[in-house]
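To keep things clear, I will list the structure first and then write my remarks on it.
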Amino acid sequence: MEITCKINNVEKRLVFEPHERLLDVLRREGYDGVKNGCSAGDCGTCTVIVNGRAVKSCLMFAAQAKDEEITTIEGIGTDENPHPLQQTFVETGAIQCGFCTPGMILSAKALLDKNPNPTEDEIKRAIEGNLCRCTGYVKIIEAVKLASMRMGGRRK
Ligand code: FES
Ligand code: FES
């Protein structure tokens, strides 16, 4: 099969077998920030943003990405100019092994793009599909709150 879609604001042509998942095709195309944790929809490490919504790419056929806009962690920030979420994850210690981090940041970004000033419960709900074995979530929630504030959504 062959489709076109936009990945990180770049038009892409993807070629794949009909049974292939978006996760596998993205990784083959070099977006290896998209992690394969469980391959079964349980861990959230494969999360990407599709048309503004955080989606588990292991549960999506690549064919379903036709004409869609996809954002992976490679499309957010740069080494010199990280996204506020990337910066606050580092500052607060919300990253330990880092395996969950790309998916966690993309779930948080999808939330803040829609809701710049989320409550703690809304943050928890947004990341409930992203498992983290290291941090205990407290620092992750702190990082999302801090990014929200820096992005203008929260007052000090
Ligand atoms: S790899 Fe997709 S949810 Fe775990
Ligand atoms: S930092 Fe290790 S799983 Fe989250």
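Indexing begins at 1, ligand by ligand and atom by atom, following the structure's order. Keep in mind the model is a prediction, meaning the values are calculated, not measured.
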Which heavy atom of [X] sits nearest to which heavy atom of [Y], and what is that distance?
{"X": "T45", "Y": "C100", "value": "CG2-CA, 4.3 Å"}
{"X": "R53", "Y": "K114", "value": "CA-NZ, 4.3 Å"}
{"X": "S57", "Y": "C46", "value": "OG-O, 2.7 Å"}

Numbered atoms of ligand 1 (with element) below 4.0 Å of [X], judged on heavy atoms:
{"X": "N36", "answer": "1 (S)"}
{"X": "S39", "answer": "1 (S), 4 (Fe)"}
{"X": "G41", "answer": "3 (S)"}
{"X": "G37", "answer": "1 (S)"}

Open item on the list: Please classify the D42 to ligand 1 contact at 4.0 Å (heavy-atom distances, strictly less than): side chain, backbone, both or neither.
Closed with: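 For D42, only backbone atoms sit under 4.0 Å from ligand 1.
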
- [ ] Check whether Y31 and F61 end up in the same hydrophobic cluster, where Ile, Leu, Val, Met, Phe, Trp and Tyr are linked by side-chain heavy atoms less than 4.5 Å apart.
- [x]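 Hydrophobic grouping puts Y31 apart from F61.
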
Relative to the heavy atoms of [X], which atoms of ligand 2 are at a distance of less than 4.0 Å?
{"X": "R133", "value": "3 (S)"}
{"X": "G98", "value": "1 (S), 2 (Fe)"}
{"X": "C100", "value": "1 (S), 3 (S), 4 (Fe)"}

Task: Derivation of the salt bridge (charged side-chain N to carboxylate O under 4.0 Å, His left out) call for E120 and K124 - done: CA-CA 6 Å; E120 185 160 325; K124 286 181 182 168; 3.6 Å; yes

Open item on the list: I'd like to know if atom 4 (Fe) of ligand 1 has an N/O/S atom from C46 within less than 2.8 Å of it, counting both backbone and side-chain atoms.
Closed with: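 It does not: C46 brings no N, O or S atom closer than 2.8 Å to atom 4 (Fe) of ligand 1.
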
Open item on the list: So, 2.8 Å as the limit: is an N/O/S atom of C58 located closer than that to atom 4 (Fe) of ligand 1?
Closed with: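 C58 does not place any N, O or S atom closer than 2.8 Å to atom 4 (Fe) of ligand 1.
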
- [ ] Look at the N, O or S atoms of C134, main chain and side chain alike, and state whether any lies under 2.8 Å from atom 4 (Fe) of ligand 2.
- [x]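 It does not: C134 brings no N, O or S atom closer than 2.8 Å to atom 4 (Fe) of ligand 2.
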
Open item on the list: Tell me whether atom 4 (Fe) of ligand 2 has C132 as a neighbour, meaning an N, O or S atom of it below 2.8 Å.
Closed with: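 Here the distance criterion (N, O or S atom, under 2.8 Å) is met by C132, so yes.
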
Open item on the list: Between D24 and R28, does any NZ, NE, NH1 or NH2 come within less than 4.0 Å of an OD or OE carboxylate oxygen?
Closed with: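 Between D24 and R28 there is no salt bridge, as every charged N stays at least 4.0 Å from the carboxylate O atoms.
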
Open item on the list: Distance check, rounded to the nearest 0.5 Å: L26 atom CG versus N8 atom CG?
Closed with: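 Reported value, rounded in 0.5 Å steps: 9.0 Å.
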
Open item on the list: To the closest 0.5 Å, what do you measure between CG (L59) and CG (L23)?
Closed with: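 Between L59 CG and L23 CG, I get 9.5 Å after rounding to 0.5 Å.
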
Task: K35, NZ: over 12 other non-hydrogen atoms inside 6.0 angstrom - done: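 Result for NZ/K35: enclosed.
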
Task: Opening angle between SG in C43 and SG in C38, taken at atom 4 (Fe) of ligand 1, to 10 degrees - done: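 Centred on atom 4 (Fe) of ligand 1, the SG/SG angle is 110° (to 10°).
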
